[in-house]
Peer 1: 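Here you go, one structure.
Every chain is numbered from 1 and lettered A, B, ... according to where its sequence line falls, protein lines coming before strand lines. Only a predicted model underlies this, so the values are computations on that prediction, with no experimental measurement involved.
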Protein chains: 2
Amino acid sequence: MKDKGRLTSSLEDYLEAIWLLSRESKVVRVRDVARYLGVTPASVVSAVKVLARRRLVEHEPYGYISLTDKGVEQATQIYKRHTILARFFRDILGLDPNSAERTACILEHHISEKALTRLTKFLEFVEECPDATPYWLKGLHHYMKTGKRSVICPLRGKQR
Amino acid sequence: MKDKGRLTSSLEDYLEAIWLLSRESKVVRVRDVARYLGVTPASVVSAVKVLARRRLVEHEPYGYISLTDKGVEQATQIYKRHTILARFFRDILGLDPNSAERTACILEHHISEKALTRLTKFLEFVEECPDATPYWLKGLHHYMKTGKRSVICPLRGKQR
DNA sequence: TGACAATTTTAGACTTAACTTAATATATTA
DNA sequence: TAATATATTAAGTTAAGTCTAAAATTGTCA
């Protein structure tokens with residue numbers, strides 16, 4: 001009966017943090033998450049309660065926090081959104097790594113699955129191009145820097 | 001002394017709505033905005049009060065709502081974010097128009113100026129290409145649809 | 001011109017989200 | 001086992017965004 005809906009940005013951040021921490025630490029405690037996100041332990045406890053109600057994490061009182069399968073799946077998805085976005089803004093649009101990261105951190109909570117799929121395919125198209133960096137991408141980056149097109153474009157003429 | 005900060009998504013929506021309506025109607029009333037956004041007039045009044053405090057709109061009680069220069073500027077910016085994003089997702093990533101619109105409506109509130117600038121340049125690079133649709137873009141779209149690369153890419157070989 | 005209709009405004013309340021502090025409870029470990 | 005670290009709860013704050021219902025204003029037209 002309950003409508004689940006999407007997690008809020010904040011809850012996604014908690015879930016992502018738990019997932020990230022569990023990749024390095026074997027066990028994750030309230031304290032770790034609190035430190036990582038810069039909030040009080042009390043805030044973590046509330047958030048974990050919500051995540052637990054949604055069966056994304058498991059947590060016995062005073063115990064460790066662990067992700068359920070569903071939690072891992074969702075955290076992975078969030079992180080994937082993050083990395084795809086970061087790669088796009090960094091590698092394609094040439095944003096400096098910091099800005100690309102910051103952009104990804106925000107947009108990862110808002111981009112739709114559909115849009116992400118396309119973005120993913122785009123990156124795939126570029127990064128798995130059989131022969132290194134596609135010529136047009138070099139042209140784009142040149143254009144971003146100088147405002148001028150490389151000669152390749154005009155030369156291709158009239159293929160309407 | 002007051003920290004202005006950014007508008008919330010909701011307030012941006014109000015500002016954008018006022019701007020859009022004023023492009024077609026000469027004058028904009030509380031009622032119009034309420035209808036357009038699907039909220040009650042009371043909600044519009046509260047929002048307009050905030051926007052007025054920020055000198056983005058002017059509004060004498062019981063009168064019309066008009067944008068200040070600053071308001072126009074900011075609304076234009078929001079709308080630009082919207083259109084750039086919509087164009088990107090529709091024309092480059094090949095999202096259907098509806099999805100592209102919906103995506104733009106959400107992301108327009110979150111994308112940074114820096115990221116938008118790059119996106120803009122990217123579209124410029126593509127859409128103002130001297131000779132129609134760049135070949136690589138056709139290749140991308142072909143790849144999106146079929147998962148297969150057109151022959152052009154392998155042929156370009158080894159330019160590392 | 002005066003009353004009715006439409007519109008706007010206010011006041012008050014509700015909901016949700018996210019967070020905090022302070023007090024209490026449980027674990028860990030020296 | 002007492003001191004320390006950690007976790008939980010309870011209660012409260014702030015903020016945004018909305019609503020309803022009542023009151024105020026304005027516009028219109030018979």
Side-chain angles (χ1 to χ4, degrees), chain A residues 1-18 21-22 24-54 56-67 74-75 78 105-106 108-110, chain B residues 1-18 21-22 25-54 56-67 74 78 105-106 108-110:
Chain A
M1 300 308 140
K2 279 269 185 56
D3 177 26
K4 301 234 175 171
R6 222 193 190 185
L7 291 177
T8 62
S9 299
S10 172
L11 286 175
E12 284 194 348
D13 281 336
Y14 281 103
L15 189 63
E16 196 180 7
I18 292 165
L21 289 168
S22 73
E24 333 194 295
S25 310
K26 221 63 177 172
V27 296
V28 179
R29 287 161 311 173
V30 166
R31 187 107 211 292
D32 304 324
V33 180
R35 243 205 288 261
Y36 184 83
L37 291 177
V39 296
T40 61
S43 300
V44 176
V45 172
S46 326
V48 164
K49 244 180 233 168
V50 178
L51 295 176
R53 215 174 304 132
R54 295 206 184 209
L56 296 169
V57 305
E58 272 167 2
H59 183 226
E60 316 117 63
Y62 297 96
Y64 298 131
I65 304 166
S66 63
L67 293 162
Q74 199 150 336
I78 295 163
C105 273
I106 295 168
E108 67 180 343
H109 302 300
H110 302 285
Chain B
M1 301 304 139
K2 278 270 186 54
D3 176 29
K4 301 238 175 166
R6 221 193 190 187
L7 291 178
T8 62
S9 298
S10 171
L11 286 175
E12 284 194 348
D13 280 337
Y14 281 103
L15 189 62
E16 197 181 6
I18 292 164
L21 290 169
S22 73
S25 311
K26 221 60 177 176
V27 297
V28 179
R29 287 162 311 174
V30 167
R31 186 108 209 289
D32 304 324
V33 180
R35 242 204 289 261
Y36 184 84
L37 291 178
V39 295
T40 62
S43 300
V44 176
V45 172
S46 326
V48 164
K49 246 180 230 167
V50 179
L51 295 176
R53 215 174 303 131
R54 296 207 184 207
L56 296 169
V57 304
E58 273 168 0
H59 184 224
E60 318 116 65
Y62 296 95
Y64 299 132
I65 304 166
S66 63
L67 293 162
Q74 199 151 335
I78 295 164
C105 272
I106 295 168
E108 66 180 345
H109 302 300
H110 302 285

Peer 1: In this structure, how many angstroms lie between the P atom of dT18(D) and the CG atom of D13(B), rounded?
Peer 2: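 Result: 9 Å.
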Peer 1: Quickly work out the L37(A) CG to dT20(C) C1' distance and round it to whole Å.
Peer 2: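 Roughly 16 Å, once rounded to whole Å.
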Peer 1: At 4.0 Å (heavy atoms only), tell me whether T8(A) reaches a base, stays on the sugar-phosphate, or touches nothing.
Peer 2: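 Result for T8(A) = sugar-phosphate.
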Peer 1: Whole Å only: how far is the CD atom of E60(B) from the P atom of dT9(C)?
Peer 2: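 After rounding, the reported distance stands at 10 Å.
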Peer 1: Report the distance from atom NZ of K26(B) to atom OH of Y64(B), rounding to the nearest 0.5 Å.
Peer 2: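 Those atoms lie 13.0 Å apart.
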Peer 1: Would you list the protein and nucleotides 28-30 of chain C atom pairs, both N or O, that sit under 3.5 Å from each other?
Peer 2:
none

Peer 1: How many whole angstroms separate atom CD1 of I65(B) from atom P of dT9(C)?
Peer 2: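 That distance rounds to 8 Å.
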Peer 1: Look at the side chain of V45(B) and decide which nucleotide, out of dT8(C), dT20(C), dC19(D), has an atom nearest to it.
Peer 2: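 Of all the options, the side chain of V45(B) is nearest to dT8(C).
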Peer 1: Starting from P on dG17(D), measure out to NE2 on H109(B) and report it in whole angstrom.
Peer 2: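 Taking NE2 of H109(B) and P of dG17(D), I get 10 Å after rounding.
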Peer 1: Please tell me which of the listed nucleotides, dC19(D), dT20(C), dT8(C), lies nearest to the side chain of V39(A)?
Peer 2: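 It is dT20(C).
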Peer 1: Think H59(A) has a side-chain N or O under 4.0 angstrom from the OP1 or OP2 of dT8(D)?
Peer 2: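 Checking dT8(D) against H59(A), a side-chain N or O does come within under 4.0 Å of OP1 or OP2.
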Peer 1: My understanding is that only one of I65(B), L67(B), L56(B) makes a side chain to side chain contact (heavy atoms under 4.5 Å, CB included) with L51(B); could you say which?
Peer 2: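 Exactly one option meets the side chain to side chain contact (heavy atoms under 4.5 Å, CB included) with L51(B), and it is L56(B).
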Peer 1: Just how far, in rounded Å, is P of dT18(D) from NZ of K49(B)?
Peer 2: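 To the nearest whole Å, that distance equals 15 Å.
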Peer 1: Select one nucleotide: of dT18(D), dT9(C), dT21(C), the one nearest the side-chain heavy atoms of A42(A).
Peer 2: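 Per side-chain heavy atoms of A42(A), the pick is dT21(C).
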Peer 1: Please tell me if S10(B) has a side-chain N or O lying less than 4.0 Å from either OP1 or OP2 of dT18(D).
Peer 2: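 It does, given that an N or O in the side chain of S10(B) lies less than 4.0 Å from OP1 or OP2 of dT18(D).
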Peer 1: For side-chain contact (heavy atoms from CB on, under 4.5 Å), just list the numbers for V48(A) and Y14(A), CA-CA rounded to whole Å, side-chain angles, deciding distance to a tenth of an Å, and then say yes or no.
Peer 2: CA-CA 8 Å; V48(A) 164; Y14(A) 281 103; 6.0 Å; no
Peer 1: Show the numbers, then the answer: is there a side-chain hydrogen bond (donor to acceptor under 3.5 Å, both in side chains) between S43(A) and T40(A)?
Peer 2: CA-CA 5 Å; S43(A) 300; T40(A) 61; 3.1 Å; yes
Peer 1: From D13(B) CG over to E108(B) CD, what is the distance, rounded to the nearest 0.5 angstrom?
Peer 2: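 If we round to the nearest 0.5 Å, D13(B):CG and E108(B):CD are 6.5 Å apart.
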Peer 1: Rounding to a whole Å, what distance do you find between R31(A):CZ and dT6(D):P?
Peer 2: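 Interatomic distance, CZ of R31(A) to P of dT6(D): 4 Å.
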Peer 1: How many angstroms lie between atom CD of E12(A) and atom CD of Q74(A), to the nearest 0.5 angstrom?
Peer 2: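 That separation rounds to 7.0 Å.
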Peer 1: Just call it for S43(B): base, sugar-phosphate, or nothing, with non-hydrogen atoms closer than 4.0 Å on any strand.
Peer 2: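 Counting heavy atoms under 4.0 Å across all strands, the contact made by S43(B) includes a base.
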Peer 1: Mind calculating the distance between CZ (R29(A)) and P (dT8(D)) to the nearest angstrom?
Peer 2: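 Between P of dT8(D) and CZ of R29(A): 12 Å.
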Peer 1: Which comes earlier along DNA chain C counting from the 5' end, the contact point of G38(A) or that of P41(B), where each point is its nearest nucleotide?
Peer 2: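 Going by which nucleotide is closer to the 5' end, it is P41(B).
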Peer 1: Say you draw a straight line from NE2 of H110(A) to CZ of R6(A); how long is it, rounded to the nearest 0.5 Å?
Peer 2: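 The distance works out to 8.5 Å.
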Peer 1: So which nucleotide from dA18(C), dT20(C), dT6(D) ends up closest to the side chain of T40(A)?
Peer 2: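 Per side-chain heavy atoms of T40(A), the pick is dT20(C).
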